[in-house]
Novice: 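I am attaching a structure below and will ask some questions about it afterwards.
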Amino acid sequence: MILPGSTLGLLGGGQLGRMFTSAARTMGYDVIVVDPDPHSPAAHFATEHLCADFHDQFALSQLAKSCAAVTTEFENPPADSLAWLARHIPVRPGANALAIAQDRVREKTFFAENGFPVGPFAIVQSETDIDAAIGAIKFPAILKTARFGYDGKGQARVTSLTAARENFRAWRAVPCVLEQLLPLELEVSVVLARGADGAITSFPVAENQHANGILDMSIAPARISANLANQARDISERLAATLDYVGVLAVEFFLVEDENGKEQLLINEIAPRPHNSGHYSIDACVTSQFEQQVRALCGLPFGATTQHTPAVMVNLLGDVWKNNVLDTAMILQEPNAKLHLYGKREARDGRKMGHYTVLGGDVETAYASAQKIKQRLTQPSDAL
Ligand code: ADP
Ligand code: MG
């Protein structure tokens, strides 16, 4: 067990790292953050910020020397840096799980080979793979690059073979997956933590609404039957065990109807870290997903994931900043809303700048008040 008073290392200093760092510091740990951005959101909360590239040998040596263990907050830290660190200190999650989560080809193959439910997909390494997939995959479909996609980036909806080929070519023939566009009833996600001893604990299922490929709102608990929620948690926990995962893992699901009208959960993708859809846990659960990440990293017993209050989380994208300023009063005047800002200096459209979580006696009340705040924020300023 790595006890409070020890120093933890973090590769990546974005908002997820910031919330991890805040949780760790609250519990009495020191945190050293490595991130090349001098204004890294996590650095504000860190004991020390090594403003360096993830390949930087000096920074890596510092982590190995000063930290009891290291974690990451994004799926793409360089594999060789992780391998070097792992020779000196525990790195959680491990390189194998990251390698699967960062590559849609490996990820989908892993789901299918291990019997986890997944929608129709084909691996595309060449244009002939697209031709061969037609039949098994019907249009409309989505072509996704295997690597470096997020928030709907690296994806194109395609309605014909020609369009699929053109997109593949425009992306310089990098490996892709072609997925059938599914009629989604709902999207839900499960955030869980697994310890090195195999202990697993998952948070209540969140229901996710997207806008322009980016998460817009998470409603927790999800408005699905207890049976489906249990299934989602069960599949996620089995997946984490199969991966021999250590740390916090998020599993995104599609809820679809099969040909007999029966509801079915399909895994969309996994994220080897806390997840945007788990932010509600900070304000609505006994233990947050970030505290759980600290506990998993340090080998501590897990905290209760019990949700004490229904909640709706809404992302604050740069779009609602006017002249680089957010009208925070719109959120602060609602007594049941909790404001979280990530300390990013520049507001850009589509950039995640913060979020707010509205708590309520039930999800519908929280949802209505979250919507009201959202409408106020998106109203053109001359209408106010
Ligand atoms: P990202 O890495 O950007 O989160 P996802 O694969 O999760 O990529 O896709 C983003 C969103 O696009 C999903 O949450 C969902 O709303 C939509 N989407 C992705 N794949 C499909 C699909 N096969 N059918 C229907 N909608 C999809
Ligand atoms: Mg996703």
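Whatever order the structure lists them in is the order used to number ligands and atoms, beginning at 1.
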Novice: May I ask you to decide if the ring planes of H279 and Y342 are parallel, tilted or perpendicular, using 30° and 60° as cut-offs?
Specialist: perpendicular

Novice: Would you call F121 a ligand 1 contact, heavy-atom distance under 4.0 Å?
Specialist: no

Novice: Can you tell which part of L181 has a heavy atom less than 4.0 Å from ligand 1: side chain, backbone, both or neither?
Specialist: both

Novice: Is any side-chain N of the basic residue among D244 and R194 closer than 4.0 Å to the acidic one's carboxylate O?
Specialist: yes

Novice: Could you find the nearest protein heavy atom to atom 19 (C) of ligand 1 and give me its residue, atom name and distance?
Specialist: K144 NZ, 3.3 Å

Novice: Considering only the protein, which heavy-atom contact is closest to atom 8 (O) of ligand 1, and what is its distance?
Specialist: Q155 NE2, 2.8 Å

Novice: Using a strict cut-off of less than 4.0 Å between a Lys/Arg side-chain nitrogen and an Asp/Glu carboxylate oxygen, indicate whether E257 and K262 qualify as a salt bridge.
Specialist: no

Novice: Should one rank I214, N208, L182 by closest heavy-atom distance to atom 25 (C) of ligand 1, which comes out on top?
Specialist: L182

Novice: Looking at atom 21 (C) of ligand 1, what's its closest protein heavy atom, distance included?
Specialist: I142 CD1, 3.3 Å

Novice: Please confirm if an N, O or S atom belonging to E252, backbone or side chain, lies less than 2.8 Å from the Mg ion (ligand 2).
Specialist: yes

Novice: Counting non-hydrogen protein atoms only, what is the nearest one to atom 2 (O) of ligand 1? Give residue, atom name and distance.
Specialist: R104 NH2, 3.0 Å

Novice: Residue-level breakdown please: for N268 versus ligand 1, do any non-hydrogen atoms fall below 4.0 Å on the side chain, on the backbone, on both, or on neither?
Specialist: side chain

Novice: Tell me: protein heavy atom nearest atom 3 (O) of ligand 1, and distance?
Specialist: G152 N, 2.5 Å

Novice: Could you tell me whether L215 approaches ligand 1 through its side chain, its backbone, both or neither, with non-hydrogen atoms closer than 4.0 Å?
Specialist: neither

Novice: Looking only at side chains, do Q375 and K372 share a donor and an acceptor under 3.5 Å apart?
Specialist: no

Novice: For atom 26 (N) of ligand 1, find the nearest protein heavy atom and state the residue, atom name and distance (0.1 Å precision).
Specialist: L184 CD1, 3.6 Å

Novice: Do the two ring centres, one from F74 and one from F54, sit under 6.0 Å apart?
Specialist: yes

Novice: Run the numbers for me: atoms of ligand 1, each under 4.0 Å from some heavy atom of Y150, listed by number.
Specialist: 2 (O), 3 (O)

Novice: Show, in sequence, the C-alpha distance, side-chain angles and deciding distance for H340 and D283, and conclude whether the side chain to side chain donor-acceptor pair (under 3.5 Å) test is met.
Specialist: CA-CA 10 Å; H340 298 255; D283 300 304; 2.8 Å; yes

Novice: Can you tell which part of E187 has a heavy atom less than 4.0 Å from ligand 1: side chain, backbone, both or neither?
Specialist: side chain

Novice: Could you tell me whether D151 and K352 have a side-chain N and a carboxylate O separated by less than 4.0 Å?
Specialist: yes

Novice: Going by an N to O cut-off under 4.0 Å, is there a salt bridge joining E364 and R223?
Specialist: yes

Novice: Can you find a protein heavy atom closer to atom 10 (C) of ligand 1 than 4.0 Å?
Specialist: yes

Novice: Out of K153, R157, E252, who gets a non-hydrogen atom closest to atom 17 (C) of ligand 1?
Specialist: R157

Novice: Using a strict cut-off of 4.0 Å, indicate which atoms of ligand 1 neighbour a heavy atom of D151.
Specialist: 1 (P), 3 (O)

Novice: Is there a side-chain contact between T242 and F116 in this structure, where contact means two heavy atoms from C-beta onward sitting under 4.5 Å apart?
Specialist: yes

Novice: Report yes if the distance between the aromatic ring centroids of F203 and H275 is under 6.0 Å, otherwise no.
Specialist: no

Novice: Taking just the N, O or S atoms of E269, which one is nearest to the Mg ion (ligand 2)?
Specialist: OE2

Novice: Who's the nearest protein heavy-atom neighbour of atom 1 (P) of ligand 1, and how far?
Specialist: E269 OE2, 3.4 Å

Novice: Are T71 and R92 linked by a side-chain donor-acceptor pair shorter than 3.5 Å?
Specialist: no

Novice: Taking E346 first and then R348, would you say they form a salt bridge - that is, a charged N and a carboxylate O separated by under 4.0 Å?
Specialist: yes

